[in-house]
Every structure is written in C-alpha cells, then in structure tokens.
Amino acid sequence: MARIRLFIDHPLAAEQPVPLTGDQAHYLSGVMRLTPGAVIEVFNGRDGAWSARLAQATKRGGSLDVLEQTAPQRNPPDLWLVFAPIKKARTDFIVEKAAEMGAARILPVQTDHTNAERIRQDRLQAHAVEAAEQCGGTFVPAVADLVPLSRLLDGWDASRRILWADEALAGPAHTLAGLPRGPWAILIGPEGGFSDAERARLAALPHVSRISLGPRILRADTAAVAALALWQAALGDW
C-alpha cells in the first residue's frame with residue numbers, strides 16, 4: 001500500500017511534535033482510518049520529506065511525532081507558469097499539472113479575452129498542495145492571485161524570459177535548442193487567444209520568445225501541459 005503523504009505547514013525535524021488541523025486529523029482518522037501509532041510521510045516544501053507517527057487525532061485536531069528524514073528537499077527549476085483562467089475544472093487541471101510537472105510559481109492573469117473575472121486563490125493553492133502530496137514531491141508552488149496581464153508585464157523583470165505558446169504559429173513544432181538556461185516563465189493565453197493589442201505588446205518585448213506547439217491549435221489546458229513538458233525536457237530537470 002502506498003504511504004500516505006501530507007503537507008504540513010510547520011518546521012520539520014527529528015523528534016519534533018507537529019500539530020494537525022481539524023481537517024488533517026479528520027482525513028487521517030476518519031477518511032484513511034488510521035489509528036495512533038500509524039506512520040505517514042510529511043513535507044513542508046522546505047525541509048524535505050519525513051516519516052511521522054500519528055500521536056492523536058480528534059475532530060478538533062491532533063498531532064504527529066516526526067521520526068526521520070526520508071528524502072531531501074527537491075526544488076524545481078526556476079520556471080513560472082502564467083496562464084489565463086478558463087472554466088473551473090480546467091483551471092484546476094492546469095494548476096494540478098503545473099505542480100506535478102515542476103513549475104515553481106503559478107500566476108493566473110486577466111486578459112482582454114479571459115472568461116473568468118475572479119478565482120479562488122485559496123482553492124487553487126489547495127489543489128497545488130494535493131498534487132504535490134500525490135506525486136511524491138517535496139515542493140509546493142505558490143499560486144498567486146489573479147492580476148491583469150498588463151499590470152504583470154508593467155512590473156516584469158526582463159531577466160526572466162517568457163516563452164509564449166502562440167497559437168498563431170500552429171505548424172511544425174519548435175524546439176528550444178539555442179535558448180538560454182536561467183529563469184523563465186511560460187505564457188498560455190485564454191480561450192480565443194490574446195487581443196491584437198496584447199499580441200503587439202508581447203511581440204515587441206525583447207525577452208519574449210514565441211513558439212509553436214505543433215500543427216494543431218491546443219486547448220489552453222492541453223497547451224499548458226505541452227509547453228511545460230517541452231521546456232522541462234530542453235531546459236529543465238527532466
């Protein structure tokens with residue numbers, strides 16, 4: 001049986017007790033049917049993975065006793081995913097897959113054609129946590145709140161290059177050979193694409209590289225996964 005993994009927002013060290021929230025205690029005792037003495041794996045995104053023994057669990061909370069480190073901290077490459085939110089379930093999918101595939105930060109943006117006017121940042125962050133728990137990771141990417149694309153670009157540090165998956169370039173897929181390593185962000189547009197004004201601004205930025213993801217125009221959620229895989233294979237830690 002696969003070991004149960006849990007994200008704990010608390011420092012981790014051997015022989016240290018750590019508290020459980022009511023929801024975490026319910027998950028371990030009520031959903032997974034664990035009893036005191038059961039051993040699980042925990043991580044906090046900073047200190048690697050650790051084995052921990054369930055000390056107590058009630059409806060109001062509980063505690064774990066940390067035992068020993070089971071894996072070192074593994075941080076992803078310095079890669080951000082910038083995307084325009086779409087329908088709820090598909091936005092959830094993008095966040096989950098970005099966390100699994102090694103994005104270091106996830107930034108939803110409001111564009112001229114974005115259908116969603118708001119997001120639940122806390123809910124998306126919870127999806128990123130769940131993805132890290134399930135895929136064996138020790139890092140959880142931060143999910144930012146929704147901001148207008150224009151504001152994000154106004155304050156952008158040009159030392160972080162942007163890889164723009166441009167649906168207008170649909171055709172032979174591009175490779176990333178020759179692009180420099182270092183901090184990057186992948187940019188995925190909304191359903192319907194960027195507006196003419198947004199396209200003109202992006203095309204004029206010297207730190208933006210446009211790429212094709214192949215001969216077919218991909219949905220936004222598919223494009224995010226494809227672009228992440230392409231970057232990780234060429235410039236990341238795959």
Side-chain angles (χ1 to χ4, degrees), residues 1-9 12 23-24 27-28 31-32 40-51 69-109 116 119-146 160 162-165 173 176 181-191 211 213-214 218-238:
M1 181 178 179
R3 174 174 288 187
I4 295 170
R5 305 184 78 244
L6 197 64
F7 174 80
I8 302 289
D9 189 13
L12 298 174
D23 287 343
Q24 290 171 331
Y27 169 73
L28 294 178
V31 178
M32 303 308 297
I40 66 170
E41 186 171 78
V42 297
F43 65 102
N44 62 7
R46 305 180 299 275
D47 301 320
W50 295 73
S51 60
Q69 191 175 50
T70 56
Q73 179 63 27
R74 297 187 300 272
N75 292 329
D78 192 0
L79 174 66
W80 297 359
L81 175 66
V82 181
F83 76 101
I86 45 180
K87 294 179 181 178
K88 179 180 175 182
R90 289 166 61 191
T91 293
D92 294 347
F93 175 89
I94 290 174
V95 170
E96 291 167 359
K97 299 312 168 189
E100 290 180 27
M101 298 179 72
R105 193 177 180 206
I106 302 170
L107 299 91
V109 290
I119 61 166
R120 280 281 307 278
Q121 184 275 339
D122 58 338
R123 184 177 60 82
L124 293 181
Q125 187 66 67
H127 280 295
V129 168
E130 291 170 4
E133 289 174 339
Q134 294 171 8
C135 74
T138 57
F139 178 88
V140 178
V143 181
D145 210 348
L146 185 70
R160 180 178 298 278
I162 296 174
L163 190 68
W164 171 17
L176 305 189
R181 294 184 178 272
W184 278 86
I186 289 171
L187 176 62
I188 303 296
E191 294 176 319
I211 61 163
L213 295 179
L218 305 179
R219 295 194 328 179
D221 47 345
T222 309
V225 172
L228 284 164
L230 186 65
W231 188 94
Q232 284 284 30
L235 301 173
D237 60 3
W238 286 16

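Here, residue 1 is the first one in the sequence, and each next residue gets the next number. Side-chain atoms are counted along with the backbone in the values below, which use heavy atoms only and exclude waters and symmetry mates.
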According to salt bridge (Lys or Arg N to Asp or Glu O under 4.0 Å), who are the partners of Glu133, at least two apart in sequence or on a separate chain?
none

Closest non-hydrogen atom pair between Ile86 and Ala220, with its separation
CD1-CB, 4.0 Å

Shortest non-hydrogen contact from Gly189 toward Ala84:
C-CB, 4.1 Å

Across all chains, not counting sequence neighbours, the side-chain hydrogen bond (donor to acceptor under 3.5 Å, both in side chains) partners of Glu96 are His127

Here the gap from Leu230 atom CG to Leu176 atom CG, rounded to the nearest 0.5 Å, amounts to 4.0 Å

Let's go through Met32 and Tyr27 carefully: what are the C-alpha distance in whole Å and the side-chain angles of both, what is the deciding distance for side-chain contact (heavy atoms from CB on, under 4.5 Å) to 0.1 Å, and is it a yes or a no?
CA-CA 6 Å; Met32 303 308 297; Tyr27 169 73; 3.6 Å; yes

List for me each residue that meets side chain to side chain contact (heavy atoms under 4.5 Å, CB included) alongside Ala165, sequence neighbours excluded, and say none if there are none.
Ile188, Leu213

Distance (rounded to the nearest 0.5 Å) between Leu187 CG and Leu163 CG
9.0 Å

Residues Val140 and Ala132: closest non-hydrogen pair is CG2-CB, 3.8 Å

Between side-chain atoms of residues 231-238 and protein atoms elsewhere (two or more places apart, or another chain), which donor-acceptor pairs fall under 3.5 Å?
unit_1	atom_1	unit_2	atom_2	d
Gln232	OE1	Asp237	N	3.1
Gln232	NE2	Met101	O	2.7

To check you understand the geometry: which heavy-atom pair defines the closest contact between Pro141 and Ala128, and what is its length?
O-CB, 4.0 Å

Scanning both residues in full, the closest heavy-atom pair of Ile119 with Pro85 reads CG2-CG, 3.8 Å

Quick one: pull up CG in Leu28 and CG in Asp23 and give me the separation to the nearest 0.5 Å.
11.0 Å

I'd like to check the salt bridge (Lys or Arg N to Asp or Glu O under 4.0 Å) partners of Asp122; sequence neighbours left out, ordered by chain and number.
Arg120

Does Arg90 have any salt bridge (Lys or Arg N to Asp or Glu O under 4.0 Å) partners at least two apart in sequence or in another chain, and if so, which?
Glu191, Asp221

Using atom types as modelled and distance alone, determine if a side-chain donor or acceptor of Thr138 lies under 3.5 Å from a backbone N or O of Arg74.
yes

Once rounded to the nearest 0.5 Å, what's the spacing between atom NZ of Lys88 and atom CG of Leu124?
9.5 Å

Pairs where residues 99-109 contributes a residue and the test salt bridge (Lys or Arg N to Asp or Glu O under 4.0 Å) is met, not counting sequence neighbours
Lys97-Glu100

Does Ala142 have any side chain to side chain contact (heavy atoms under 4.5 Å, CB included) partners at least two apart in sequence or in another chain, and if so, which?
Gln125

Give every donor-acceptor pair under 3.5 Å between a side-chain atom in residues 40-48 and any protein atom, sequence neighbours left out.
unit_1	atom_1	unit_2	atom_2	d
Glu41	OE1	Arg5	NE	2.7
Glu41	OE2	Thr70	OG1	2.7
Asn44	OD1	Arg46	N	2.8
Asn44	OD1	Asp47	N	2.8
Asn44	ND2	His10	O	3.0
Asn44	ND2	Asp47	OD2	2.7
Arg46	NH1	Asn44	O	3.4
Asp47	OD2	Leu12	N	3.4

Which donor-acceptor pairs under 3.5 Å do side chains of residues 75-83 form with protein atoms, sequence neighbours excluded?
unit_1	atom_1	unit_2	atom_2	d
Asn75	OD1	Gln73	NE2	2.8
Asp78	OD1	Arg160	NH1	3.0
Asp78	OD1	Arg160	NH2	2.9
Asp78	OD2	Arg160	NH2	3.1

